[in-house]
Amino acid sequence: MQIGFKALEAQFGIAPVQPLRVASVIGRTRSSRESAELIQNQFPSVYRPEDTFAGHFEFGLKYEEIHLEFFARLFAASGPAPLEQWCRAEPFGQYARRAGFLYEWLTGQRLDVPDLAGGTYVDALPSDAYLTSVHAIRDRRWRINNNLPGTPAFCPVIRRTEPLRQALQFDPAGAIAELDRQFGEDVLMRAATWLTFKESRASFLIEREADQTDRIKRFAHVMAEHCGKLEEPLSHDSLTALQTGILGETVLRRGLRRSPVFVGQATIREDIVHYIGPHFAALDAMLDGLRAFERATRGREALARAAAIAFGFVYIHPMSDGNGRIHRFLINDTLQRDRAIPAGVILPISATITAVREFGHGYDRALELFSRPFMRRYDTACRFGEMLTCEDGVRSNLVFDAYEDASFAWRHPDLTEHVIYTAQLVAHTIRHEMADEARVLVRFQLAQQRIKEVLEMPDADAVRMIRSIKEGGWGVSGKLLKEYPVLLDKALALRLVEAVQSAFEDRDPVPIIE
């Protein structure tokens with residue numbers, strides 16, 4: 001016999017987009033089996049709850065996971081009656097109070113029960129099990145510390161699982177400080193400009209626009225100019241400024257979209273839909289919720305905040321264009337804002353995504369954690385009909401018949417795995433991408449020093465020779481000979497090549513016998 005939230009799911013015929021991860025049953029002994037998608041718990045008969053709404057919901061709050069999408073759907077299906085009956089029967093019971101508070105918070109409807117005149121305050125969410133707001137707001141009606149990190153219009157859930165705890169042990173600031181000790185702070189700061197451009201170029205590669213040099217430069221400028229510096233990065237004005245900076249002054253449509261949107265791909269015969277964004281009428285409230293999350297969680301783990309803000313933004317998909325690049329901007333922006341990385345240092349996370357197979361596939365998998373079950377649920381609700389002109393001038397024939405039902409999922413995504421992925425992505429980027437870049441810069445500086453010991457020359461000429469010799473497979477090209485006739489002296493040319501090659505191979509130069 002199933003108990004807890006699964007029992008209520010079956011009773012009310014609820015099918016959340018994000019499935020319940022915990023299934024509880026009564027058996028002989030207490031045991032637990034966990035897979036990637038499901039936790040199966042067995043409890044002895046002494047744990048059996050009353051076969052009522054209150055009995056199963058209380059059991060779920062005690063032994064299972066918080067699932068805001070499920071709660072919102074359940075309350076819409078059950079109506080207020082079972083909550084009111086429970087709260088009247090147990091006015092001071094902490095689980096009845098939490099359930100009553102959650103009902104009113106999620107539905108916006110007031111239960112017909114009196115306010116509590118006294119009693120100890122309890123947390124809406126256990127802060128040791130979930131990412132919660134730093135400063136809870138006291139709800140006097142229910143004697144609840146409202147520590148939900150968002151608003152009813154948008155409040156993600158982040159579970160403090162053991163894999164998440166392990167991922168969040170990575171300290172970006174400490175790892176960068178270690179790079180400073182290894183290579184010197186001046187080396188890392190000199191590399192910052194190239195790292196910014198590298199991030200921009202890789203970000204456009206993700207969008208399959210790597211050949212757009214001017215746009216890459218614009219995005220690099222946006223990253224350098226605005227990361228960690230905007231007062232409210234998620235305000236309408238800031239998002240519009242970021243979009244304009246990324247796409248240029250000639251961008252066709254600026255600001256929040258006023259039209260349907262989907263993420264997909266076009267084929268000769270039809271468009272394939274991978275994800276549908278919320279209705280544009282909901283964007284203001286959802287962005288308010290995302291901003292509330294950003295404010296409420298200040299002081300919590302920077303990596304968790306960066307992931308939730310960035311992935312929350314991309315699922316809301318509020319702009320007509322540029323959502324993906326703003327999404328990746330927000331990761332760096334949040335980490336700088338939280339002082340998890342030094343000001344002026346841009347983590348080339350997009351470079352890791354494009355260059356490292358594990359993280360490239362992982363990025364797609366992270367996005368699909370929400371979009372794939374979403375589209376499985378609503379595939380038949382999506383079609384293409386008559387072409388219409390929307391309020392923002394966009395011509396669209398996308399028809400989606402399930403905006404109201406889908407809003408339960410859009411408002412409360414579970415971003416736990418997104419945080420784990422982002423923390424691992426940032427760790428790899430600092431330990432490898434940034435370390436490799438600093439290493440290359442140190443070797444390049446050594447090559448400049450050694451090449452000048454062979455032949456004195458201006459820095460610009462040294463840089464030109466080093467690049468040509470390295471890219472030419474440790475040889476002197478005909479083009480370089482034509483540009484620098486002095487290299488016709490073969491012994492001199494060999495000494496110059498050895499000076500460069502030895503620097504990049506971390507060894508002393510071998511003497512060249514003339």
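Remember, it's a predicted structure, so these values are computed and weren't measured experimentally.
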Next on the checklist: Are Val263 and Asn323 packed together at the side-chain level, in the sense that at least one heavy-atom pair is separated by less than 4.5 angstrom?
Outcome noted: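 No, every pair of side-chain atoms sits at 4.5 Å or beyond.
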
Count the heavy atoms of every other residue, nucleotide or ligand shown that sit under 6.0 Å from [atom1] of [X], and state whether that count exceeds 12.
X      : atom1 : result
Glu50  : CD    : no
Ile137 : CD1   : no
Arg88  : CZ    : yes
Arg165 : CZ    : yes
Gln2   : CD    : yes
Glu404 : CD    : no
His135 : NE2   : no

Next on the checklist: Can you see whether Phe43 has Arg48 sitting over its ring - NZ or CZ less than 6.0 Å from the centre and within 45° of the normal?
Outcome noted: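 That pair does not qualify as a cation-pi contact.
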
Item to check | Phe53 to Pro82 - nearest heavy-atom pair and separation | outcome: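 Reported closest heavy-atom pair: CG-CB, 3.7 Å.
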
Next on the checklist: On a heavy-atom basis, which atom in Leu83 and which in Gly100 lie closest, and how many Å separate them?
Outcome noted: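 Shortest heavy-atom separation between Leu83 and Gly100 comes out as CD1-N, 4.3 Å.
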
Donor-acceptor under 3.5 Å ([X] side chain, [Y] main chain):
X      : Y      : result
Thr429 : Thr352 : no
His412 : Cys155 : yes
His418 : Ala307 : no
Ser235 : Glu232 : yes
Arg411 : Thr151 : no
Gln42  : Thr29  : yes

Between [X] and [Y], is the gap from one ring center to the other below 6.0 Å?
X      : Y      : value
Tyr63  : Tyr47  : yes
Phe71  : Phe57  : yes
Phe262 : Tyr275 : no

Parallel, tilted or perpendicular, as decided by the 30° and 60° cut-offs, for the rings of [Y] and [X]:
X      : Y      : value
Phe400 : Tyr378 : perpendicular
Phe311 : Tyr363 : tilted
Phe359 : Tyr421 : tilted

Item to check | Steps toward side-chain hydrogen bond (donor to acceptor under 3.5 Å, both in side chains) verdict (Arg300, Thr132) | outcome: CA-CA 8 Å; Arg300 296 294 189 216; Thr132 59; 3.2 Å; yes

SB check [X] [Y] (cutoff 4.0 Å):
X      : Y      : result
Asp115 : Arg110 : yes
Asp333 : Arg337 : yes
Arg73  : Asp405 : yes
Glu65  : Arg21  : yes
Glu9   : Lys6   : yes
Arg159 : Asp414 : yes
Asp392 : Arg257 : no
Glu58  : Lys62  : yes

Item to check | Test applied, side chain to side chain contact (heavy atoms under 4.5 Å, CB included); reference residue, Val426; option that passes from Ile341, Leu303, Asn332 | outcome: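 Only match with Val426 under side chain to side chain contact (heavy atoms under 4.5 Å, CB included): Leu303.
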
Item to check | Worked check of ring-ring contact (aromatic ring centres under 6.0 Å, His included) between Tyr403 and His279 | outcome: CA-CA 7 Å; Tyr403 278 113; His279 194 279; 4.9 Å; yes

Next on the checklist: Glu417 vs Arg365, test: salt bridge (Lys or Arg N to Asp or Glu O under 4.0 Å). Steps then yes/no.
Outcome noted: CA-CA 10 Å; Glu417 295 298 323; Arg365 285 195 299 271; over 6 Å; no

Next on the checklist: Using the rule given for side chain to side chain contact (heavy atoms under 4.5 Å, CB included), can you reason through Phe313 versus Ile326, listing the C-alpha separation, both sets of side-chain angles and the distance that settles it, and then say yes or no?
Outcome noted: CA-CA 8 Å; Phe313 176 86; Ile326 295 175; 3.6 Å; yes

Next on the checklist: If you apply the rule ring-ring contact (aromatic ring centres under 6.0 Å, His included), what do you find for Tyr95 with Trp86, and how did you get there?
Outcome noted: CA-CA 10 Å; Tyr95 297 104; Trp86 184 10; 8.0 Å; no

Next on the checklist: Distance check, rounded to the nearest 0.5 Å: Phe101 atom CZ versus Asp139 atom CG?
Outcome noted: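 Rounded to the nearest 0.5 Å, the CZ-CG separation comes out at 5.5 Å.
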
Next on the checklist: Is there a side-chain hydrogen bond (donor to acceptor under 3.5 Å, both in side chains) between Asn41 and Ser32? Walk through the geometry before answering.
Outcome noted: CA-CA 4 Å; Asn41 290 333; Ser32 181; 2.7 Å; yes

Next on the checklist: Go through it in stages, so that I can follow the logic: the residues are Asp338 and Arg305, the test is salt bridge (Lys or Arg N to Asp or Glu O under 4.0 Å), and I'd like the CA-CA distance, side-chain angles, deciding distance and then a yes or no.
Outcome noted: CA-CA 9 Å; Asp338 288 1; Arg305 281 169 35 80; 2.7 Å; yes

Next on the checklist: Checking Tyr315 against Phe370 for the ring-ring contact (aromatic ring centres under 6.0 Å, His included) test, could you report, in this order, the C-alpha distance in whole Å, the side-chain angles of both residues, the deciding distance, and whether it holds?
Outcome noted: CA-CA 8 Å; Tyr315 286 138; Phe370 184 80; 4.9 Å; yes

